[in-house]
Protein chains: 2
Amino acid sequence: MATIKDVAKLAKVSPSTASRAMHDNPAISEKTKARVRKAMQTLHYAPDFNAQSLANKRSNAIGVILPVDHHEIFTNPFFLKVLRGISEACYHAQAMVNLATGSSQAELLHSIDIMVTQGMIRRFIVLYSEQNDPILLKLRQLDAQYVMIGKPYQLVNETPYVDNDNILAGSDAAQFLVNHGHKNICFVYNDLKKMVQNDRMLGYQRVMMENGLLINSFELPAQEYPGGRQLVIQYLTQHPEITAFETVDDMLGLRIQQVLRSAKMVTDRQVSIIGFNNSVYSEAAHPALTSVEVFPRRLGNEAAKIAVSLQMSENLSTKLIVPHQIIERHSVATV
Amino acid sequence: MATIKDVAKLAKVSPSTASRAMHDNPAISEKTKARVRKAMQTLHYAPDFNAQSLANKRSNAIGVILPVDHHEIFTNPFFLKVLRGISEACYHAQAMVNLATGSSQAELLHSIDIMVTQGMIRRFIVLYSEQNDPILLKLRQLDAQYVMIGKPYQLVNETPYVDNDNILAGSDAAQFLVNHGHKNICFVYNDLKKMVQNDRMLGYQRVMMENGLLINSFELPAQEYPGGRQLVIQYLTQHPEITAFETVDDMLGLRIQQVLRSAKMVTDRQVSIIGFNNSVYSEAAHPALTSVEVFPRRLGNEAAKIAVSLQMSENLSTKLIVPHQIIERHSVATV
DNA sequence: AGCAGCAGTGCAATCGGTTGCAAGAAATTG
DNA sequence: CAATTTCTTGCAACCGATTGCACTGCTGCT
């Protein structure tokens, strides 16, 4: 591997000049820069990241923080897609991607500490958004910068983030059902404390109100909760008027679908479903779920682009909204 | 942050002695080592990874190579679980985790090149196994070490890897069905060129032969292939004797299940299914699929442990087989 | 006593970059 | 033409570690 000294020698300048030329320092004349660039070319020069990080006291790597272990994460392809987007952007920006996960919060906090203090990583992407997240606090304490995927709960104005417009997505989905003639639509969620879910529900509510329709909602607890099935059956029998569900995630849609198919009492009832995230679940379902694609890869990509461009003392925060799109399959019928 | 010089000063030794003491160099007396250790403690010393990497010409990071983009990867939670396992082991070994992905092979190759030449990363974990993989060739050319997840196709003896015993898993699954009284069992696969699938089928065949039963197999192409559904229907009608399927992945089991439920002609036929990987699909299915858990997290964890322990010129390769386990749900009935 | 041998430690160079400061060269000014 | 300013560039220190080699004392031997 050629070093900067080799380049300097070939270009007949000192290493310092070479270094400055490479960083397009205005103190260096265009002529010299050209010579240095040529030398770099012929030697296939590429800087040593570790040496750079050492000298700069700042790594070129981007830290990626996954949420603390949880059944959902493992099964949710969302994160993998986001990772791909991040990886792609970092590739183009010549940045390395450094992963941080932990089975407990303490472990994750420690990981991050190490990345910052020992690895000199200064820019992070946080793949989730949670209320009062100690991880974010830690990052701030360590004086590291971060961009979030999902809208932050705190310091909204100071935090760069990329997200979907979940309110709009929620209303688009509802409007889609309304356009198909549905009037009694139920919104199904998991945990309204999560902003994504809450926002989607707000969007749903807006459309219902605009159309003079009644708001119905139903909380379907996480899969592990055993009584879930029974709850669905109960809800369906108590609300015979409902013809469509808007579920905050495809998974919930799939579960409703399964209940419908197996519970004899409601077997001949035709119910439409629209889900979110366009995940494996929507394709696995039968009929395949119509779903709102949120483009996780794009989310990751944009987040990474912002992260790599973060300067040392940047404090204008970028906010970026990536669009969503309804993917029509076969789970929504016209009434 | 305290540096090694601070530690040295406090312990009243030179930085070189401090460094040697930290690495448990036999040239340093026990007394001195103790002094250095105490100094490290009181100063909360932690080495600067970049400085170390620079001096050692070798990063403490482990590179993790995901397969080139492909629909499967995005939807397959397997990889995320493996990543968690890797991350965990690396955390305990004080190693960083560096991700490499690419949307094309060229991009991935280039990524790896950068990681090795510019990042000084010398140890990798390859999360998949493919025939004639140029990535592996590249790694060898760059003189990097790697451990694979999945059995390698080439250089089997020289390559450290961790894998399940897929032949055994294949026969355990078959035996499970046989034990439940099934005699006409069909093995469903996707692509026999993949060793995982081939091995599982071998295991299946062995059990069938041992029990004097007929071997049946059926290739169900990838989800995107439109005619798949029709193929299943056709197979089912042509083989009315089949009472159970062993599918090389849960996904395939789910698809068969769906066909069974929707195709009127076979509607009252009772068919048992056992799948592999214990993925989201098995829980999403109804009835939930009995499936063979392969412990992806453990696979990742062990692979990482091997990777971090790889020495510079190591050439004894470790092979590690992680066990599997049948997770009983409701998709296998006794006949 | 003299000297070899060895254990224990420090000096100084090195890894591959970056950057403050000074100095030389060129251009401008009176 | 000398003096001053403005560009360019190089010197040398530094980032935080590692390591070959030399040096100091001490032990033990003859």
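In what follows, chains are A, B, ... by sequence order, proteins preceding strands, each numbered from 1.
Summarising the geometry, atom CD belonging to B/Glu30 is positioned 7.0 Å from atom CG belonging to B/Asp24; distances are rounded to the nearest 0.5 Å. For the atom pair CZ (A/Phe79) and CG (A/Leu66), the distance works out to 6.5 Å, reported to the nearest 0.5 Å. Annotation: the span from B/Met148 atom CE to B/Lys319 atom NZ amounts to 10.5 Å, rounded to 0.5 Å.
Contact check for B/Thr3 versus B/Val7: no side-chain heavy atoms found under the 4.5 Å cut-off. A/Leu10 is listed as a side-chain neighbour of A/Thr42, based on a closest heavy-atom distance under 4.5 Å. At least one side-chain heavy atom of A/Met115 sits less than 4.5 Å from a side-chain heavy atom of A/Phe124.
Residues meeting the salt bridge (Lys or Arg N to Asp or Glu O under 4.0 Å) test with A/Asp143, sequence neighbours left out: none.
Between the side chain of A/Arg20 and the base of C/dG17, no donor-acceptor pair of N or O atoms lies under 3.5 Å.
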Q: Start with the C-alpha distance between A/Ser87 and A/Arg297, add both sets of side-chain angles, then the distance that settles side chain to side chain contact (heavy atoms under 4.5 Å, CB included), and finish with yes or no.
A: CA-CA 10 Å; A/Ser87 182; A/Arg297 177 160 170 177; over 6 Å; no
Q: Could you go through the side chain to side chain contact (heavy atoms under 4.5 Å, CB included) check for A/His110 and B/Tyr91 one step at a time?
A: CA-CA 9 Å; A/His110 190 206; B/Tyr91 170 74; 2.7 Å; yes
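Contact check, B/Thr17 against C/dG10: a side-chain N or O comes under 4.0 Å of OP1 or OP2. Side-chain nitrogen and oxygen atoms of A/Gln52 include none within less than 4.0 Å of the OP1 or OP2 phosphate oxygen of C/dG16.
Rounding to whole angstrom units, NE2 of residue A/His23 and P of C/dG17 are separated by 10 Å. Put simply, CD1 on A/Ile28 is 12 Å from P on C/dT18, counting in whole angstrom units. If you take NZ of A/Lys57 and P of C/dT19, they are 12 Å apart, rounded to a whole angstrom. Whole-Å rounding puts the A/Leu54 CG to C/dT19 C1' distance at 14 Å. Note: CZ (A/Arg58) to P (C/dT18) measures 13 Å, nearest angstrom. In this structure, CG of A/Asn56 is placed 19 Å from P of C/dC15, rounded to the nearest angstrom.
Using a 4.0 Å cut-off on heavy atoms, the residues of residues 2-10 of chain B that approach DNA chain D are B/Thr3, B/Ile4, listed by number. Contacts with DNA chain D (heavy atom under 4.0 Å) in residues 30-47 of chain B: B/Tyr45, B/Pro47, listed by number.
Nearest heavy-atom pair, B/Lys5 versus B/Pro15, reported as atom, atom and distance to 0.1 Å: CG-CG, 4.1 Å. Nearest heavy atoms, A/Met120 versus B/Asp48: CE-OD2, 3.2 Å.
Listed by first residue number, the stems of DNA chain D with at least three Watson-Crick or G-U pairs below 3.5 Å are C:1-30 with D:1-30.
In this model, a donor atom of one side chain and an acceptor atom of the other lie less than 3.5 Å apart for B/Thr32 and B/Ser29. Of the N and O atoms on the side chains of A/Tyr153 and A/Asp133, not one donor lies less than 3.5 Å from an acceptor on the other residue. Counting only N and O atoms by type, the side chains of A/Ser19 and A/Ser16 include no donor and acceptor under 3.5 Å apart.
Formation of a donor-acceptor pair under 3.5 Å by the A/Asn164 side chain with backbone atoms of A/Val322 is found in this model.
Of the residues B/Leu136, B/Leu99, B/Leu139, B/Leu127, the one that meets the side-chain contact (heavy atoms from CB on, under 4.5 Å) test with B/Ile65 is B/Leu139.
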Q. When every nucleotide of nucleotides 22-27 of chain C is labelled 5' to 3' by its protein contacts under 4.0 Å (heavy atoms), B for base, S for sugar-phosphate only, - for none, what sequence of letters results?
A. ------
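Mapping A/Asp48 and B/Val13 onto DNA chain C by nearest heavy atom places B/Val13 at the nucleotide closer to the 5' end. In terms of position along DNA chain C, the nucleotide closest to B/Lys12 lies nearer the 5' end than the nucleotide closest to the other residue of the pair B/Lys12 and B/Ala51.
The nucleotide range of DNA chain D contacted by chain B, defined by atoms under 4.0 angstrom from heavy atoms of the protein and reported 5' to 3', is D/dG16 to D/dG20.
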